[in-house]
Amino acid sequence: MAQAKIQAKMNEATISKFSRTMSMADRSGRLLESLDQLEMRVEALREAASAMEQERESILEMLQSLQNSPEMRSISDGEREELNLTAARLLGRTLCVEVSVGTSRSSQQEDALRQATSIIDKIVKKLLEDAGSSRQRLMALHAACVTEAPPVAIDQKFQALVISCAMEDQKKIKRRLETLLRNILNAENTIKLMDNQKLDQASSSNGSL
């Protein structure tokens, strides 16, 4: 009789322990599911913030391009002044929007980003001195950031640095180079247009003599 009672108690303890274990597993599963959902929301938040960051850069670039566009030089002084004031107001409001997406980096990634940024900064500083050579260098750097076959030689050293950077930093480096190249192209087109206008004015003056 006593043996039967002992065995019954042991069975109750086993069942109780099994129930508690299952309950803990259920709770752990629910917590894990909540964390998975939160992780998706975090990634969505980062993607949205990154998209806003890119939109800010795009708006700034478009405003600056508009202010330096050939069309702005073909309108009256009064109209140009009014449009420049509007563009300056929009520029100021855009600059007031601050969006930043931090990136987790290892020490190696930090060093690679620092070196890659330094290379680009040095070329940008030489733009005014030698625009043609600087543009070629920027094109070689950009070629190191794309997967398709580029039309120019790739800067192998820069490519190695970019590959060593965090994925988000790789995308930012590529976007910065694309923006710089577009700005250079826009500036060159503006200069060509101004030169042509000067030639046309000179031809008209000579024809009226």
Side-chain angles (χ1 to χ4, degrees), residues 28-68 87-88 90-128 130-131 133-188:
S28 176
R30 286 196 295 270
L31 290 170
L32 182 59
E33 184 179 353
S34 296
L35 287 173
D36 287 340
Q37 293 175 353
L38 286 170
E39 183 176 16
M40 289 188 290
R41 291 177 63 181
V42 168
E43 289 305 313
L45 174 64
R46 289 179 64 85
E47 289 177 6
S50 180
M52 290 177 64
E53 192 175 37
Q54 293 178 45
E55 177 66 6
R56 180 180 183 272
E57 293 174 2
S58 176
I59 290 174
L60 290 173
E61 182 184 349
M62 291 175 68
L63 285 170
Q64 292 168 350
S65 177
L66 187 146
Q67 287 179 306
N68 297 320
L90 293 174
L91 194 65
R93 286 175 60 81
T94 306
L95 289 171
C96 288
V97 178
E98 296 184 0
V99 184
S100 178
V101 181
T103 303
S104 299
R105 307 181 185 93
S106 65
S107 58
Q108 180 184 2
Q109 291 172 331
E110 287 276 5
D111 186 57
L113 177 62
R114 179 184 57 78
Q115 292 186 57
T117 302
S118 176
I119 290 173
I120 298 174
D121 288 343
K122 288 178 181 177
I123 297 175
V124 170
K125 289 179 181 179
K126 296 179 180 179
L127 269 172
L128 293 177
D130 189 351
S133 176
S134 297
R135 179 165 60 85
Q136 291 298 321
R137 287 280 291 119
L138 289 174
M139 290 176 66
L141 298 188
H142 180 261
C145 302
V146 299
T147 54
E148 62 272 12
V152 297
I154 297 175
D155 187 313
Q156 301 289 345
K157 178 183 177 182
F158 186 77
Q159 186 178 55
L161 288 173
V162 173
I163 292 174
S164 299
C165 290
M167 186 61 68
E168 291 181 2
D169 290 328
Q170 292 180 24
K171 295 177 182 178
K172 290 181 179 180
I173 290 171
K174 181 183 176 183
R175 287 204 306 271
R176 184 187 179 192
L177 290 168
E178 289 172 346
T179 299
L180 287 169
L181 287 169
R182 279 198 302 271
N183 289 342
I184 292 172
L185 179 61
N186 291 335
E188 289 176 347

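Pairs of residues two or more places apart, or lying in two chains, never qualify as salt bridge (charged side-chain N to carboxylate O under 4.0 Å, His left out) while including a residue from residues 28-41. Applying the side chain to side chain donor-acceptor pair (under 3.5 Å) test to every pair with at least one member in residues 136-149, sequence neighbours left out, gives these pairs: R137-D155, H142-E178. Residue pairs meeting the salt bridge (charged side-chain N to carboxylate O under 4.0 Å, His left out) criterion with at least one member in residues 97-111, sequence neighbours excluded: R105-E110, R105-D169, D111-R114.
To the nearest 0.5 angstrom, L38 atom CG is 11.5 Å from L45 atom CG. Distance check, rounded to the nearest 0.5 Å: CG of L35 to CE of M40 gives 11.0 Å.
Partners of A49 according to the side chain to side chain contact (heavy atoms under 4.5 Å, CB included) rule, which considers only residues two or more places apart in sequence or in another chain, are V99, V101. Residues satisfying the salt bridge (charged side-chain N to carboxylate O under 4.0 Å, His left out) test with E47, not counting sequence neighbours, are none. In this structure T103 satisfies the side chain to side chain donor-acceptor pair (under 3.5 Å) test together with E168, sequence neighbours excluded. With sequence neighbours left out, Q156 forms a side chain to side chain contact (heavy atoms under 4.5 Å, CB included) with I154, Q159. Qualifying side chain to side chain donor-acceptor pair (under 3.5 Å) partners for E61, counting only residues two or more places apart in sequence or in other chains: R182. Judged as a salt bridge (charged side-chain N to carboxylate O under 4.0 Å, His left out), and not counting sequence neighbours, the contacts of E57 are R175. Judged as a side chain to side chain contact (heavy atoms under 4.5 Å, CB included), and not counting sequence neighbours, the contacts of L90 are L63, T86. Evaluation of the side chain to side chain donor-acceptor pair (under 3.5 Å) rule for D121 yields R176 as partners, not counting sequence neighbours. In terms of the side chain to side chain contact (heavy atoms under 4.5 Å, CB included) criterion, residue partners of M167 (sequence neighbours excluded) are, by chain and number, Q170, K171.
Taking 4.5 Å as the limit, some side-chain heavy atom of L177 sits within range of a side-chain heavy atom of I173. Side-chain contact between I59 and E55 is present, with at least one heavy-atom pair separated by less than 4.5 Å.
For the residue pair F158 and A144, the shortest heavy atom distance occurs at CD2-CB, 4.0 Å. Here the closest non-hydrogen pair linking A143 and A153 is CB-O, 4.2 Å. When every heavy atom of E53 is checked against every heavy atom of S100, the shortest pair comes out as OE2-CA, 4.3 Å. Minimum heavy-atom separation, L95 to R56: O-NH2, 3.4 Å. The shortest non-hydrogen separation linking A166 to S104 is CB-O, 4.4 Å.
Side-chain atoms of S50 never come within 3.5 Å of backbone atoms of R46 as a donor-acceptor pair (strictly under, hydrogens ignored). Under a 3.5 Å cut-off, the side chain of S58 and the backbone N or O of Q54 do not form any donor-acceptor pair.
Surrounding CD of Q108 are at most 12 heavy atoms belonging to other residues, nucleotides or ligands under 6.0 Å away.
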What verdict does the side chain to side chain contact (heavy atoms under 4.5 Å, CB included) test give for L180 and I120, after you've listed the backbone C-alpha separation in whole Å, the side-chain angles of each residue and the deciding distance to 0.1 Å? CA-CA 10 Å; L180 287 169; I120 298 174; 3.8 Å; yes

